Every structure is written in structure tokens, then in C-alpha cells.
Amino acid sequence: MPPTLSAPVISQEDIFNHIKLSCQLPSVLEAIVTRRAIANAAAEAGIQVEVSELQQAADVFRLEYRLQRSEDAWQWMQAHGLSLDEFEEMLGASVLAAKLASHLFADRVEPLFVERKLDYAQVIMYEIILEDEDLAMELFYAIEEGELNFFQVGHEYIQDRELRRTSGYRKPLRRTELKPEISAAVFAANPPQLLKPIVTSNGAHLILVDELLVPELNQVLASQILAELFSGWLKQQLK
């Protein structure tokens, strides 16, 4: 029988060396500095994490990671080398960051939304990208004249299998998520409207603008704006 190998002993030095050699040190250091910046700013503002907030965060975390059973939660902590106190410290840091973000920027969310309302508008569209510009123009006129259907064209010419199944459907997109030349044409459209092919470095884009969504400051968008403001603040702290 082959000899039984004992489990290797891994020291803190081994872990640190692995982080360095795998080029993860900059991101680890950034995370450490970020956590300290949040903790210091929260302490200056007198922000603390309440027990009820910590319990709520634990409930959300366990639900998200499917750790409803106590034994599952313990196994997860053990797999990540965390004690119960460290697990609570991890959750507490997340709660503290959220409370600090709200403290610093909650009153700036609505003014920023009003200022940048056009940036938060979204479009629902279908897109076919062709290598041949002449073919794209030919298909455009054929669709315009009713000889072809846009969705039939998408099913025939879209190479990506998943996109082909949806005829090139794109999830709701903001201006910043599109190339400038495409964004300008799309957000000037009068839906439903088929746009003349737009040529970019990716090819000739045949686009059907289905709907332009007027932005509303709901809870989801407010959270996104708050996160953007807080992220900008953190970058300044890292400098």
C-alpha cells in the first residue's frame, strides 16, 4: 500500500507568499485600505452597527447563499476559515459601509438624478451585427418595404445561438452602455423604429428600437446612484 500522506501545514507566510506570487497583493491591500477608510469615517460620524442590523444582514446572507440550516452555515464558515465572531465582523463591515454611504450621500441622490436624468434613460432594442455593410443596407430596405421581417432576418444572420433565439434582443441599456454613434441614433429614435445601418468597428449594426424608457427614481436606481457616489468617494480615499 502507498504511504498515507499527512495534511500539509500551511503557515501565514505561505498564504502571504501565495498572494504575492499570484499577483493579488495590490487588490488585497486596496481592500484593507478601503475597510480602514470606511471604519475611520464611520467612527468620526458616530455610526455604529446595531445588533438588529447585524441579525438582519445575517438572515439575508444565509438566504442568498442557501445556508438556512445551522449546520450549513457552520460548514460554510469552516470552509472559509471563519469563526462566528469573524463572520459577524464580516457582516458588520458590510452594514457599516452601507450606513456610511447613506450618511454621506443620501441627500445627493435626487439632485444628481435630476442633473443626469438623460444618462439614466434606457432603451429596449433588437440588434443584428453584419460584417457586410452593403448586405446590411439591402436587408434594411427589404424590411422597410415589407419584403422581410426583422426577426426572420435576425434568426438567419445572427451567429450567436442565444442572441439568435431572441432575434438580437438587448436588455434595457443606458447611453453609456452603447457606442457613442449608436447611442446618438438610438435615443433620437421614435419607437418602434428601424434605424439605417450604423457602421462601427464591430460591423454594420441593424437596429430595431422597440421602446425608450423614461427614468424614474425608484429604489433600485437610487441604490445604484448611491453606490456610484460612494465608489467615487472610496477612490478618493485610496489616493
Side-chain angles (χ1 to χ4, degrees), residues 7-113 116 120 122 171-172 174 176-177 215-239:
V9 176
I10 300 176
S11 66
Q12 290 184 352
E13 183 179 358
D14 292 329
I15 296 172
F16 182 69
N17 284 338
H18 174 76
I19 290 173
K20 287 203 301 181
L21 296 176
S22 58
C23 302
Q24 298 180 53
L25 187 58
S27 60
V28 171
L29 292 177
E30 181 178 313
I32 293 172
V33 174
T34 297
R35 180 174 292 220
R36 288 185 178 178
I38 292 172
N40 291 339
E44 290 179 7
I47 299 173
Q48 296 180 340
V49 177
E50 304 296 334
V51 175
S52 58
E53 295 170 329
L54 195 61
Q55 182 60 55
Q56 183 179 7
D59 293 341
V60 172
F61 183 90
R62 291 176 64 175
L63 183 62
E64 180 180 355
Y65 286 86
R66 299 179 180 179
L67 303 174
Q68 287 91 335
R69 298 189 309 168
S70 297
E71 53 265 37
D72 293 335
W74 281 111
Q75 288 177 5
W76 186 93
M77 285 186 280
Q78 187 176 28
H80 291 82
L82 296 174
S83 66
L84 178 58
D85 288 341
E86 290 166 337
F87 177 68
E88 291 180 349
E89 182 181 351
M90 178 192 74
L91 295 176
S94 178
V95 174
L96 195 66
K99 294 184 71 172
L100 178 62
S102 181
H103 171 77
L104 292 174
F105 300 112
D107 60 345
R108 291 181 53 186
V109 170
E110 187 171 356
L112 185 62
F113 168 76
R116 295 173 50 193
Y120 296 114
Q122 292 179 304
K171 67 176 183 177
R174 293 183 187 173
T176 54
E177 296 177 282
E216 296 181 1
L217 189 58
N218 54 30
Q219 186 174 355
V220 173
L221 181 54
S223 297
Q224 291 175 355
I225 296 174
L226 187 63
E228 291 171 4
L229 289 168
F230 191 53
S231 177
W233 177 83
L234 285 174
K235 289 179 181 177
Q236 291 298 318
Q237 305 309 304
L238 289 172
K239 290 183 180 179

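All figures in this text were calculated on a predicted structure; none of them were measured in a lab. The figures that follow rest on heavy atoms only: side chains count, while hydrogens, waters and symmetry mates do not.
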Are there more than 12 heavy atoms of other residues, nucleotides or ligands under 6.0 Å from atom CD of Gln78? no
Check whether any side-chain heavy atom of His18 lies under 4.5 Å from a side-chain heavy atom of Gln24, and answer yes or no. yes
Inter-residue atom distance Ile47.CD1 - Leu96.CG, 0.5 Å rounding: 6.5 Å
Do you know the tightest heavy-atom contact between Leu221 and Glu216? CD2-O, 3.4 Å
Identify which one of Gln236, Lys235, Gln237 satisfies the side-chain contact (heavy atoms from CB on, under 4.5 Å) criterion when paired with Trp233. Gln237
Does CZ belonging to Arg116 count more than 12 external heavy atoms closer than 6.0 Å? yes
Hey, does Tyr65 have a side-chain heavy atom less than 4.5 Å from the side chain of Asp72? no
Under the side-chain contact (heavy atoms from CB on, under 4.5 Å) test against Arg66, which residue among Gln68, Arg62, Arg69 passes? Gln68
Test Gln55 against Asp59 for side chain to side chain donor-acceptor pair (under 3.5 Å), laying out the working first. CA-CA 6 Å; Gln55 182 60 55; Asp59 293 341; 2.9 Å; yes
Taking every non-hydrogen atom, the tightest pair across Ala101 and Leu226: O-CD1, 3.4 Å
Near Ile10 CD1, under 6.0 Å, is it more than 12 heavy atoms from other residues, nucleotides or ligands? no
Could you state the interatomic distance from CD (Glu53) to CG (Leu91), rounded to the nearest 0.5 Å? 12.5 Å
Is atom CD of Glu110 surrounded by more than 12 heavy atoms (other residues, nucleotides or ligands) closer than 6.0 Å? no
For Trp76, is there any backbone N or O sitting under 3.5 Å from a side-chain donor or acceptor partner on His80? yes
I need the minimum non-hydrogen distance between Met77 and Leu84, along with the two atoms involved. SD-CA, 4.1 Å
Hey, are the side chains of Tyr120 and Ile225 touching, using non-hydrogen atoms and a 4.5 Å cut-off? yes
Any side-chain heavy atom of Leu229 sitting closer than 4.5 Å to one from Leu104? no
Taking C-beta and beyond as the side chain, do Phe16 and Leu25 meet within less than 4.5 Å on heavy atoms? yes
Taking the side chain as everything from C-beta on, heavy atoms only, tell me whether Asp14 gets closer than 4.5 Å to Val9. no
Could you state the interatomic distance from CD1 (Ile38) to NZ (Lys99), rounded to the nearest 0.5 Å? 14.0 Å
Search all heavy atoms of Ala45 against all heavy atoms of His103 and return the closest pair with its distance. CB-NE2, 3.6 Å
Closest contact, heavy atoms only, Val95 versus Ala57: CG2-CB, 3.6 Å
Return yes when atom CD of Glu89 has more than 12 non-hydrogen atoms of other residues, nucleotides or ligands closer than 6.0 Å, and no otherwise. no
Run the side chain to side chain contact (heavy atoms under 4.5 Å, CB included) test on Leu67 and Trp74 for me, step by step, so that the C-alpha distance in whole Å, both residues' side-chain angles and the decisive distance to 0.1 Å come before the verdict. CA-CA 9 Å; Leu67 303 174; Trp74 281 111; over 6 Å; no
Less than 4.5 Å apart, any side-chain heavy atom of Val33 and any of Glu30? no
